[in-house]
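Fair warning: this is a prediction, and the values are worked out from it, not measured in the lab. Only this structure's heavy atoms are used, side chains among them; waters, hydrogens and symmetry mates stay out.
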Number of protein chains: 4
Amino acid sequence: MKKDVSCVKKGKESAIFEAALKAIKKKGYHKARMSDISKEAGISYGLVYHYFKSKEDLFDAILNRWWDGLFQLMADISNGEDNVHKKLMQIIYYFLDTYQTNPELVNIFITEISRSTTNLTNTRLGLFKKFISLVEAMITDGQKEEILRMDFKARYLTYIFLGSLETFISAMVLVDQNIKGDKQKERIAQSIFEVFLNGAKSQKENKHSAVSNS
Amino acid sequence: MKKDVSCVKKGKESAIFEAALKAIKKKGYHKARMSDISKEAGISYGLVYHYFKSKEDLFDAILNRWWDGLFQLMADISNGEDNVHKKLMQIIYYFLDTYQTNPELVNIFITEISRSTTNLTNTRLGLFKKFISLVEAMITDGQKEEILRMDFKARYLTYIFLGSLETFISAMVLVDQNIKGDKQKERIAQSIFEVFLNGAKSQKENKHSAVSNS
Amino acid sequence: MKKDVSCVKKGKESAIFEAALKAIKKKGYHKARMSDISKEAGISYGLVYHYFKSKEDLFDAILNRWWDGLFQLMADISNGEDNVHKKLMQIIYYFLDTYQTNPELVNIFITEISRSTTNLTNTRLGLFKKFISLVEAMITDGQKEEILRMDFKARYLTYIFLGSLETFISAMVLVDQNIKGDKQKERIAQSIFEVFLNGAKSQKENKHSAVSNS
Amino acid sequence: MKKDVSCVKKGKESAIFEAALKAIKKKGYHKARMSDISKEAGISYGLVYHYFKSKEDLFDAILNRWWDGLFQLMADISNGEDNVHKKLMQIIYYFLDTYQTNPELVNIFITEISRSTTNLTNTRLGLFKKFISLVEAMITDGQKEEILRMDFKARYLTYIFLGSLETFISAMVLVDQNIKGDKQKERIAQSIFEVFLNGAKSQKENKHSAVSNS
DNA sequence: TATGAATGAGGGTTCATTCAT
DNA sequence: AATGAATGAACCCTCATTCAT
């Protein structure tokens with residue numbers, strides 16, 4: 001019941017929110033106009049300001065939805081007893097799942113946040129760093145459990161992991177590709193993770209180096 | 001000497017260019033004002049337009065410097081006889097070298113181009129895709145030579161390679177980290193490449209899987 | 001009553017329109033500033049753009065008011081059964097009437113359109129040529145009915161007719177002369193038409209030539 | 001010799017002058033840029049300012065050439081003993097002749113002066129009024145000699161005369177028509193003058209009115 | 001004379017935000 | 001809650017004019 005009420009109450013707010021997602025995806029934060037958003041939401045110009053204090057505020061709300069979901073996941077993972085394999089896979093899946101249900105949201109994360117220094121207020125930068133730290137902590141654990149190689153800083157491995165993930169998503173975003181079915185999603189997730197874990201070297205090469213290393 | 005002459009001739013243009021780099025790095029393309037640039041360059045407002053047709057034009061000049069250098073490198077690599085190892089390493093070094101000499105340039109590439117769909121005109125998108133294709137071609141060669149694993153699409157490996165690289169740089173950009181000395185540069189390059197090639201899995205794990213695979 | 005409603009609804013738009021008329025009359029289209037117009041209309045700068053897309057658009061709106069009225073008249077005349085005398089007189093009266101009620105509008109037509117090649121987009125040029133053609137058609141009819149002399153091209157007579165009319169108006173515009181009462185208006189209209197029809201030659205001369213022609 | 005020197009000295013000045021004519025004809029005074037003019041003249045940007053104090057000054061020089069020629073003619077006519085017929089014809093011919101040798105000059109007179117109140121400084125307005133007065137004086141003389149009808153103000157006849165003339169030229173200007181040969185020039189001059197003098201009424205109509213007048 | 005780089009005061013336009021209704 | 005008219009501070013760009021060489 002509570003939820004219903006909130007839905008009734010938040011019906012317009014939510015419409016604005018979704019409209020903002022679309023508009024920002026389409027034009028980017030700077031070029032998306034408040035009028036685009038209100039038009040897309042099917043409401044009047046000034047009403048946006050009843051629900052969101054400013055454009056910046058609306059943007060923050062969008063980011064918060066992203067970060068909230070992500071940090072919720074990170075909390076769940078941290079509390080769980082999975083090994084590093086499964087933990088990292090869950091992160092990958094979070095990105096891919098969200099991309100399926102809410103491509104605009106991922107798009108905005110990729111294009112406006114993950115690389116842009118300009119949109120990064122200190123608060124936002126903090127969230128971003130916090131996320132990296134959480135991943136790094138997992139990787140460090142993996143190193144301690146001797147699952148991940150220890151000859152590189154955990155931070156470096158983190159970059160490589162997140163970088164692969166982001167670029168994959170980014171590429172899909174760029175061509176507006178949608179993930180067709182769970183099969184493809186699984187394949188993509190596997191690719192990212194497999195290469196991260198075992199590298200791009202061929203088996204043949206591996207043997208060579210195994211020999212040469214022996 | 002040659003350089004001096006060009007500096008005399010191109011003194012102002014070059015000053016504007018550098019000022020634009022700084023301004024765009026600081027505020028991003030959209031928020032960077034032409035007045036910021038002229039002020040930074042120590043010249044009058046209107047003079048910018050003597051050297052560059054428009055803000056867009058100035059931006060393009062910056063991008064062209066980046067792409068020109070990168071495509072020059074790609075051409076050199078393609079003509080050379082190096083194996084895929086060395087080729088990919090050269091790409092990594094190009095990013096790191098440029099980051100040393102011209103951190104703003106790399107910054108702009110990372111923040112305004114490599115992920116931003118909004119700033120991407122068709123021309124720019126084309127350059128970006130061309131670059132990806134060239135890397136993919138190298139990776140494909142590496143697969144044919146059985147140096148790189150063949151169980152994943154070359155395009156996927158490409159994403160992972162470039163993703164790792166970009167995120168590394170991006171992270172440095174984010175914290176305004178500078179590369180101290182060639183030693184550190186080498187270590188970073190090695191990290192990226194090593195993990196890409198051999199994966200993040202520890203040796204111990206590798207033995208396990210080697211055993212389990214046999 | 002109708003007018004009142006429209007005034008309530010279109011109050012600001014109409015105020016901008018009138019202000020634009022004044023500003024353009026005073027300074028000409030090029031030198032008239034949007035800020036002049038907004039100031040004259042007693043509104044804020046940006047509001048002009050709420051009602052008119054651009055300066056050009058506002059200018060077009062002004063021209064359209066003129067052309068709409070004129071072409072409406074031309075249509076009415078064409079449908080009517082009047083002879084060429086009355087038709088041409090109605091055109092003269094349209095100019096003079098509009099000059100009385102809306103001197104700025106006529107002013108702008110005279111100064112910015114009827115002679116200026118620079119402000120003439122193809123659309124505007126088209127309207128102008130269309131008007132000339134309609135007048136020419138009347139004159140041609142007059143020639144067919146043997147009311148007007150046939151030894152000159154209808155187009156030539158058209159130029160002379162419109163030229164007389166325009167210059168008359170133009171001269172009044174130049175000295176900001178206003179038409180005092182319907183008497184003066186009638187006298188002016190008569191002058192233009194009489195001379196066009198019967199020429200400037202004196203009666204005495206006419207007799208001479210009549211004799212010499214016989 | 002003096003003239004030669006002046007020609008050597010004034011070579012560039014004259015080139016600028018002609019270039020300005022072309023540029024202003026093409027784009028109008030306001031839109032014609034000083035750079036257009038210098039480019040057209042084949043000289044450097046700043047040099048224009050050696051010969052002309054300002055854009056306004058250059059414009060005035062152009063107008064002066066026109067007015068000088070015209071007032072010279074008016075002086076010659078006034079001193080001569082021709083009747084009003086010949087005098088008016090000479091004015092017509094001055095316009096047509098100049099249009100043949102210097103179409104841009106006439107164009108500028110038509111489009112930028114004869115109707116535009118905006119470009120009219122008091123000085124320029126004075127010249128214009130002076131010209132009208134001189135024509136009016138001729139017409140008045142014609143009335144006194146009972147060659148021209150006296151039932152209308154001389155000023156009105158003047159407007160009609162000049163209006164016919166201007167619109168004719170204006171129409172040629174509009175379509176960039178050039179006068180082919182002296183035959184056509186004569187025909188045009190005749191048309192203008194004939195209708196001014198004898199009116200547009202057909203002979204048949206004239207007889208009717210002659211009858212009705214008797 | 002001659003060059004063209006350099007200046008900077010506006011100009012049109014945009015758009016986040018406010019406010020009266 | 002809801003509307004959309006109203007505001008005005010910037011912003012990009014133009015271009016007449018000046019100036020160092």
Quiz item: B:D60 side chain to B:D57 main-chain N or O, any donor-acceptor pair under 3.5 Å?
Solution: no
Once side-chain hydrogen bond (donor to acceptor under 3.5 Å, both in side chains) is applied, do any residues pair with [X], and if so which ones, sequence neighbours excluded?
X      : answer
A:K39  : none
C:T118 : C:S116
C:K25  : C:D176
C:R65  : none

Write out a two-atom table: protein N or O, nucleotide N or O from nucleotides 3-7 of chain F, distance below 3.5 Å.
from, atom 1, to, atom 2, distance (Å)
F:dT3, OP2, A:S44, N, 3.1
F:dT3, OP2, A:S44, OG, 3.3
F:dT3, O5', A:S44, OG, 3.4
F:dG4, N7, A:G46, N, 2.9
F:dA5, OP2, C:H50, NE2, 2.1
F:dA5, O5', C:H50, NE2, 3.1
F:dA6, OP1, C:K12, NZ, 2.3
F:dA6, OP2, C:Y51, OH, 2.5
F:dT7, OP2, C:S44, N, 2.8
F:dT7, OP2, C:S44, OG, 3.0
F:dT7, O5', C:S44, OG, 3.4

List the residues meeting side-chain contact (heavy atoms from CB on, under 4.5 Å) with [X], not counting sequence neighbours, and say none if there are none.
X      : value
B:K26  : none
B:L127 : B:W67, B:F71
A:Y49  : A:M34
A:E40  : A:A19, A:K22

Would you kindly give the [atom1]-to-[atom2] distance between [X] and [N], to the nearest whole Å?
X     : N      : atom1 : atom2 : answer
A:Y49 : E:dT17 : OH    : P     : 4 Å
C:K55 : E:dT14 : NZ    : C1'   : 17 Å
D:E56 : F:dT17 : CD    : C1'   : 14 Å
B:K27 : F:dA10 : NZ    : C1'   : 11 Å
A:K53 : E:dC19 : NZ    : C1'   : 18 Å

Practice problem: Using the criterion of both pairing distances under 3.5 Å for Watson-Crick and G-U wobble pairs, give all stems of 3 or more consecutive pairs involving DNA chain F. | Solution: E:2-21 with F:2-21
Quiz item: With a 4.5 Å limit on heavy-atom distance, are the side chains of A:L125 and B:L174 in contact?
Solution: yes
Quiz item: With sequence neighbours excluded, what pairs up with A:F59 under the ring pair (Phe, Tyr, Trp, His ring centres under 6.0 Å) test?
Solution: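 In terms of ring pair (Phe, Tyr, Trp, His ring centres under 6.0 Å), with neighbours along the sequence ignored, A:F59 is linked to A:Y29.
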Quiz prompt | Residues in contact with DNA chain F, drawn from residues 30-39 of chain B - heavy-atom cutoff 4.0 Å | solution =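 Those residues are B:A32, B:R33, B:M34.
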